[in-house]
Amino acid sequence: MILFGGILLTTIALFFGCNSTKPRYTIGISQCSSDIWRNKLIDELHTANYDRDDVQLCFVSANDNDQRQIAQIDSLIAAGIDLLIVSPNQVSTISPAVDRAYGKGIPVILFDRKTDSPNYTAFMGADNYAVGYAMGTYIASQLNGRGSVLEIKGLQGSSPAIDRHKGFVEAMKDHPGIKIVASLQGDWTEESACKAMQDFIDQHPTATIPDYIFGQNDRMALGARKVLTQYAEKQQRPVNTRFCGIDALATANGGIEHIINGDLDASYIYPTRGDELFQLAMNILEGNKYERDNQLKAAIVTRDNANVMLMQAEEMMRQGKHIEQLHERANDYMQRLANQRMITLLSAGIIVLLALAAYFFWRFMRTRMRINKERAVMARQQIDFYTQAAHQLRTPLTLITGPLKQLQHTESVKNDNTEARAMLEIVSRNADQLAKVVDSILKPTYSTFPSEESEDLAQMETQNQGDATSLPVREGQESEPLEETADPLSILVVDDNADIRTYLRTILAPFYTISEAPDGKQGLEIAQRDVPDLIVSDVMMPVMNGLEFCQHVKESLATSHIPVILLTARALSAHQIEGFRSGADAYITKPFEAQLLLARIENLLKNRRVLKELWAPSQEPGHESNPETMKTSTKESQDTLSHDNNALEDNQATLAQEAVGGGLFLARFKAIIEEHMTDSDLSVEDLGTEIGLSRVQLYRKVKALTGHSPVELLRTARLQRARQMLLTTDKTIAEVAYDVGFSAPSYFTKCFRDEFGISPSELTNKP
């Protein structure tokens with residue numbers, strides 16, 4: 001998963017890298033100088049490049065230095081440009097550098113200026129000869145064929161300066177009446193023209209000021225005007241000379257503006273056409289058709305058309321600025337789009353990674369669950385193996401060690417000093433040793449279940465076993481069974497092994513009435529029919545095992561109060577937890593001692609006896625009580641009477657923990673009696689219907705829990721309520737009798753005397 005995630009992130013990085021860093025084409029532009037005209041060209045090239053994100057433009061300027069331009073061209077070649085646009089500073093000096101670029105297979109476009117080498121791909125620029133010729137013709141027309149003219153040339157050796165001079169001179173040949181006073185040398189800058197003009201004046205102080213001065217660009221024409229104007233002011237004479245130049249830029253302080261304000265008489269538009277230059281470069285790079293020689297058209301600007309030309313130029317500049325703003329907005333939108341695309345792709349990548357992580361986590365958890373399930377199955381199989389082995393070994397051991405102990409404790413064996421007794425002791429010791437060996441073999445050496453289940457086991461043992469473990473049972477000591485009663489307590493033995501049932505009958509029959517069942521299903525039927533006082537059941541049985549049997553017993557209202565002891569060969573703590581969760585009151589592992597079983601039975605049945613005492617009538621019938629003593633205890637009865645129900649509920653809650661539902665059942669039974677006490681027609685059937693048991697089931701359950709029948713408990717509750725009313729109200733004996741559900745006052749009086757030993761009148765002196 002980590003490898004896949006790395007590949008995904010690398011792919012995303014490469015995607016963005018390929019779309020935002022390396023251009024498809026790189027064009028190098030080598031300018032001979034930096035001025036307004038060339039800055040306009042740069043702006044036009046940038047505008048033309050707006051819709052081509054795959055083209056990178058690299059600009060350099062030599063500032064009229066040949067060696068610098070040569071070095072810059074070589075640097076562009078080394079940088080790996082795809083096409084070179086160059087405006088050579090001079091015709092011959094730059095040719096070797098241009099030839100080197102052309103020789104390396106780099107297309108070369110000569111713009112505005114040429115070299116003396118044929119090694120170039122294409123040329124774009126105005127016809128400087130025609131420009132010079134046109135300006136000469138215009139000046140001749142303004143002088144009407146007569147006058148004097150002074151020319152200021154551009155950089156010596158540059159092709160525009162050479163061609164413009166040739167065209168100008170050629171035009172003057174057609175007008176012999178016009179004299180060219182001088183052709184001064186400049187370098188395209190205003191400063192060079194000022195110096196050249198000042199030198200001319202200094203060298204010819206008496207010369208006549210020319211009628212016209214022609215500068216090969218506007219800057220030089222304005223420089224000459226500045227010097228000549230200063231000279232005229234010193235001489236205190238007017239200047240009638242007119243000036244014209246070339247370029248006619250529409251920018252601030254450009255040629256057209258000077259024509260409008262009168263500084264220049266005329267100028268010639270020398271176009272830049274950066275858009276056409278860019279398109280020519282792209283045609284060459286993309287293999288499209290192109291012309292090798294591309295002439296740019298131009299025109300003269302005078303005062304007659306200067307305003308129109310300026311308006312057109314300003315409108316074009318406004319449109320250019322608008323396009324630039326749109327381009328900036330488009331760039332901003334594209335950047336936002338790129339950012340959104342990056343966020344989307346990164347989000348998609350993260351989602352994919354999260355999905356992969358979730359998938360692998362799901363696979364990991366599924367594998368882990370499968371392994372845990374397989375481990376659980378293996379553990380369960382191992383436990384089942386130990387359980388089966390334990391059942392097969394411990395059950396016979398129980399039938400060996402148990403009867404041996406019983407035999408050893410009989411009087412005949414105790415008094416026998418013969419060899420038979422010694423043999424029995426040998427057998428008993430070896431049987432105990434065998435039991436220990438079986439325990440050590442069958443007990444797993446690993447922990448199959450978590451430790452908290454051991455805590456659950458300890459808590460369940462405390463809640464369900466009560467004080468059984470606190471009863472000391474010494475070897476040879478006889479357990480003390482419960483007191484003999486008129487009706488012996490009954491115990492149901494459920495086990496599929498007939499020998500175990502016989503052995504248990506032998507142990508329990510001297511003290512209890514015993515019934516038997518070979519499986520849980522038959523045992524449940526007997527329990528619901530006979531409602532025994534206690535159940536002893538095996539766990540591993542056919543048809544219905546002991547755990548299911550115990551759960552059904554505890555879920556049935558008729559049998560939920562019956563204590564259940566589970567006998568089993570399953571000795572693991574997990575088995576005991578399983579047994580207690582099914583509702584078992586005690587859990588005894590095989591082999592077991594008879595005295596331990598009797599002690600557990602006695603302890604559980606003791607809880608039943610406590611409940612019986614709690615619900616026993618206050619006095620046996622016929623017992624005489626002293627009226628004064630009864631009255632003396634009346635105040636105490638009145639003080640505690642309001643708390644009887646709470647105390648009974650608290651006792652019953654405690655007994656409920658020990659007797660598994662018996663106290664809760666009796667609390668409900670008492671509440672029903674209290675609710676229907678005034679009904680003289682209330683029957684046992686009515687009570688059974690209300691509580692959800694048949695008449696027989698109700699009778700057996702109540703009798704088992706309290707030792708009294710439901711009728712006796714109903715009568716006792718009515719008489720206790722009657723005694724309370726006689727002591728706390730002004731009602732007559734007859735009224736009280738009717739209020740507690742007796743149909744005849746005379747019968748009430750008889751029952752009252754039988755219950756408390758005195759008559760109602762003796763208690764209250766009421767009629």
Side-chain angles (χ1 to χ4, degrees), residues 406 464-468 471 473 478-495 500-517 522-538 546 549-550 553-554 556-567 583-588 592-617 620 655-656 658-663 665-666 669 693 696-710 712-713:
Q406 293 295 99
N464 291 285
Q465 295 182 12
D467 298 329
L471 295 176
V473 181
E478 295 289 343
S479 175
E480 296 292 336
L482 294 175
E483 297 178 358
E484 294 291 337
T485 59
D487 296 323
L489 297 177
S490 61
I491 295 178
L492 171 61
V493 175
V494 184
D495 199 305
I500 291 291
R501 296 201 303 271
T502 301
Y503 174 54
L504 291 175
R505 177 182 289 275
T506 302
I507 297 172
L508 303 176
F511 312 108
Y512 309 102
T513 300
I514 306 301
S515 58
E516 300 178 15
Q522 295 186 39
L524 184 61
E525 294 174 356
I526 295 173
Q528 291 177 341
R529 183 189 67 210
D530 298 341
V531 190
D533 294 290
L534 186 138
I535 297 173
V536 178
S537 175
D538 189 17
F549 166 68
C550 181
V553 168
K554 295 301 180 179
S556 174
L557 182 60
T559 58
S560 62
H561 66 286
I562 302 175
V564 178
I565 297 176
L566 292 179
L567 297 178
D585 297 84
Y587 197 97
I588 299 178
F592 59 87
E593 294 189 12
Q595 299 304 316
L596 175 61
L597 177 61
L598 289 171
R600 290 290 177 91
I601 292 173
E602 180 181 353
N603 185 70
L604 291 173
L605 291 177
K606 187 186 294 182
N607 292 329
R608 306 283 81 77
R609 183 170 59 188
V610 173
L611 287 172
K612 290 180 180 179
E613 292 174 355
L614 178 66
W615 276 79
E620 293 298 329
L655 292 171
E658 300 175 353
V660 193
F665 169 79
L666 291 178
F669 179 69
L693 294 174
V696 174
Q697 288 176 326
L698 178 64
Y699 176 84
R700 289 175 176 169
K701 188 173 181 76
V702 172
K703 186 73 173 178
L705 288 172
T706 66
H708 298 275
S709 67
E712 291 174 335
L713 294 179

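For this chain, numbers begin at 1 and follow the sequence in order.
Between atom CD1 of residue I507 and atom OG1 of residue T502 there is a gap of 11.0 Å, rounded to the nearest 0.5 Å. To the nearest 0.5 Å, the span separating CD1 on I562 from NZ on K701 amounts to 7.0 Å. For the atom pair L597 CG and L504 CG, the distance stands at 6.5 Å (nearest 0.5 Å). Considering CD of Q522 and OG of S515, their distance stands at 12.0 Å, rounded to 0.5 Å. How far CZ of R600 is from CG of N603: 8.5 Å, rounded to the nearest 0.5 Å.
With contacts defined as side-chain heavy-atom distances shorter than 4.5 Å, the pair V494/V536 does not qualify. Counting only heavy atoms from C-beta outward, the side chains of F511 and L489 never approach each other to under 4.5 Å. Contact check for Y587 versus L567: no side-chain heavy atoms found under the 4.5 Å cut-off. Looking only at side-chain heavy atoms (C-beta outward), S490 and D533 come within less than 4.5 Å of each other. Side-chain atoms of L698 and F669, non-hydrogen and from C-beta on, do get closer than 4.5 Å to each other. Counting heavy atoms from C-beta on, the side chains of I500 and D538 never come closer than 4.5 Å. L534 has its side chain within reach of L604: a pair of non-hydrogen atoms, C-beta onward, lies under 4.5 Å apart. The side-chain heavy atoms of L492 and D530, taken from C-beta on, include no pair separated by under 4.5 Å.
Here the closest non-hydrogen pair linking S537 and F549 is OG-CD2, 3.7 Å. Taking each heavy atom of A527 and T559 in turn, the nearest pair found is O-CG2, 3.6 Å.
Judged as a side chain to side chain contact (heavy atoms under 4.5 Å, CB included), and not counting sequence neighbours, the contacts of Y699 are K703, S709, P710. Checked against side chain to side chain contact (heavy atoms under 4.5 Å, CB included), E525 has the following partners two or more places apart in sequence or in another chain: K521. Residues that satisfy the side-chain hydrogen bond (donor to acceptor under 3.5 Å, both in side chains) test with T513, not counting sequence neighbours, are absent from this structure. By the side-chain hydrogen bond (donor to acceptor under 3.5 Å, both in side chains) test, E516 pairs with R501, R505, sequence neighbours left out. Applying the side chain to side chain contact (heavy atoms under 4.5 Å, CB included) criterion to V564, with sequence neighbours excluded, gives I535, C550, V553, K554, L566, D585.
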task: Quick one: do L693 and L557 satisfy side-chain contact (heavy atoms from CB on, under 4.5 Å)? Show the steps, please.
output: CA-CA 8 Å; L693 294 174; L557 182 60; 3.8 Å; yes
